[in-house]
Amino acid sequence: MNSPIQNDEVNNMGIVPINRDKRVLRAQLLTERQAISPADKKKRDAVLCEKVHGLIHTAFKNSNTSGDFSQKKVIAIYSPIKGEPDLTALFQQLIDDGYIVALPVVVEKNAPLKFMPYTPDTLVTGAFGIIEPSWDESKQVTPDIIVIPCLGFNEKNYRLGYGGGFYDRTLAMLKKSLHSPFTIGVSYAHLKCDFEINEFDIPISIMCIS
């Protein structure tokens, strides 16, 4: 499937070109994503689960701490909304592999995300209607890998989200604390597009698409 944005061609398609209003671009990408049929989405999500699972193992295998599980590695994923790739099938699989699965928690606006271990019996509906663990500061964890949903992405592994800046703030904060996690972006292949990068955008370590 072709990308929804092809630079000069987009003017004839009524789709916003590069360096124009990102709000319009976000709306168009969201429409594209939500137009995926349930059957097609299920297949794509299964492929993504398999790919992400492999990337997580490869990332630790290639790291300096590979094989050291004196402390369990923390994998932050997310609760899907608005047609995002659904990776919830991975949660228990990763736990069975010996990882701690964590989910992001919005504690306050315009601030970095916090992360809490995933346990089905502590899930609540949090900010923006997203399912997340009940917040308990004493139990928060710092992720070694963060799997991040991308509304759109470009060839340089920059992501386009919903505009809240939560992940960019989070990654910037973790980098300053000298705990810069490996990041895996997940999206659907046809949502690759061009958009303007600003000084606060942080590229994803690796994109995983289907």
Side-chain angles (χ1 to χ4, degrees), residues 1-52 55 76-91 103-106 109-110 112-113 123 125-132 146-171 183-210:
M1 186 178 295
N2 292 331
S3 166
I5 295 186
Q6 297 291 332
N7 294 334
D8 294 338
E9 297 177 10
V10 299
N11 292 326
N12 296 326
M13 298 168 58
I15 297 178
V16 63
I18 190 170
N19 300 335
R20 295 289 297 275
D21 192 342
K22 283 186 179 179
R23 290 176 298 178
V24 176
L25 175 56
R26 287 187 178 99
Q28 293 170 333
L29 291 171
L30 186 59
T31 298
E32 289 272 348
R33 190 170 71 189
Q34 293 179 325
I36 300 172
S37 72
D40 188 22
K41 187 177 188 304
K42 185 176 181 179
K43 291 179 182 178
R44 292 191 185 196
D45 290 351
V47 171
L48 284 171
C49 282
E50 184 175 353
K51 286 184 175 182
V52 170
L55 285 171
I77 311 187
Y78 61 90
S79 296
I81 59 170
K82 299 180 180 179
E84 290 172 344
D86 186 347
L87 305 184
T88 54
L90 262 184
F91 292 8
L103 297 179
V105 178
V106 178
K109 293 181 179 180
N110 302 318
L113 296 164
L123 296 179
T125 302
F128 309 108
I130 301 173
I131 301 299
E132 60 187 34
I146 304 180
V147 181
I148 303 176
C150 304
L151 180 57
F153 65 98
N154 68 13
E155 62 182 11
K156 295 183 178 179
N157 286 358
Y158 282 91
R159 67 181 285 273
L160 190 69
Y162 302 118
F166 285 104
Y167 278 106
D168 285 330
R169 292 189 192 94
T170 302
L171 297 177
T183 53
I184 301 173
V186 290
S187 188
Y188 300 118
H190 68 295
L191 301 181
K192 182 178 180 180
C193 57
D194 290 323
F195 50 87
E196 186 177 40
I197 304 302
N198 66 47
E199 60 181 309
F200 301 109
D201 290 336
I202 297 176
I204 298 296
S205 303
I206 189 169
M207 280 298 306
C208 186
I209 61 176
S210 68

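For the pair V106 and F128, the tightest heavy-atom approach, listed with the atom from each and the gap, is CG1-CE1, 4.2 Å. The two residues M207 and N157 make their nearest non-hydrogen contact at CG-OD1, 3.4 Å. The shortest heavy-atom contact between Y188 and G83 is CE1-O, 3.8 Å. Contact detail for C193 and G152: the closest heavy-atom pair is SG-CA, 4.5 Å. Residues F153 and I209 approach most closely at CZ-CG2, 3.6 Å, considering heavy atoms. Residue F166 comes nearest to N110 through the heavy atom pair CE2-N, 4.2 Å, listed as atom of the first residue, atom of the second, then distance.
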For this session: Please lay out, stage by stage, how L191 and C150 fare under the test side-chain contact (heavy atoms from CB on, under 4.5 Å).
Result: CA-CA 9 Å; L191 301 181; C150 304; over 6 Å; no
For this session: Mind running side-chain contact (heavy atoms from CB on, under 4.5 Å) on F91 and L103 for me, showing each step along the way?
Result: CA-CA 10 Å; F91 292 8; L103 297 179; 3.8 Å; yes
For this session: Let me see the working for V24 and Q28 under side-chain contact (heavy atoms from CB on, under 4.5 Å), right down to the final yes or no.
Result: CA-CA 6 Å; V24 176; Q28 293 170 333; 3.8 Å; yes
Exercise. When you look at D168 and D201, which way does the side-chain contact (heavy atoms from CB on, under 4.5 Å) test go after all the steps?
Worked result: CA-CA 6 Å; D168 285 330; D201 290 336; 3.5 Å; yes
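R159 places no side-chain N or O within 3.5 Å of a backbone atom of L151 that could act as its donor or acceptor partner. Of the possible donor and acceptor atoms, one in the side chain of K22 sits under 3.5 Å from a partner among the backbone N and O of E196. Between the side chain of R44 and the backbone N or O of P85, no donor-acceptor pair lies under 3.5 Å. Formation of a donor-acceptor pair under 3.5 Å by the T170 side chain with backbone atoms of L113 is found in this model. Listed for the K41 side chain is a donor-acceptor partner under 3.5 Å among the backbone atoms of E84. With hydrogens and angles disregarded, no donor-acceptor distance shorter than 3.5 Å links the side chain of D45 to the backbone of K42. Within the 3.5 Å criterion, the main-chain N or O of S205 finds a donor-acceptor partner in the side chain of T183. Listed for the K192 side chain is no donor-acceptor partner under 3.5 Å among the backbone atoms of E155.
To the nearest 0.5 Å, atoms CG (L29) and NZ (K82) are separated by 13.0 Å. Interatomic distance, CG of L87 versus CD1 of I77, reported as 6.0 Å (0.5 Å rounding). Note that OG1 of T88 and OH of Y78 are 9.0 Å apart. Values are rounded to the nearest 0.5 Å. Atom OG of S187 sits about 7.0 Å away from atom CZ of R33, to the nearest 0.5 Å. The line from CD1 of I146 to CG of L171 is 5.0 Å long, rounded to the nearest 0.5 Å. Rounding to the nearest 0.5 Å places NZ of K156 at 15.5 Å from CD1 of I204.
Proximity of V186 to K51: side-chain heavy atoms (C-beta onward) are nowhere separated by under 4.5 Å.
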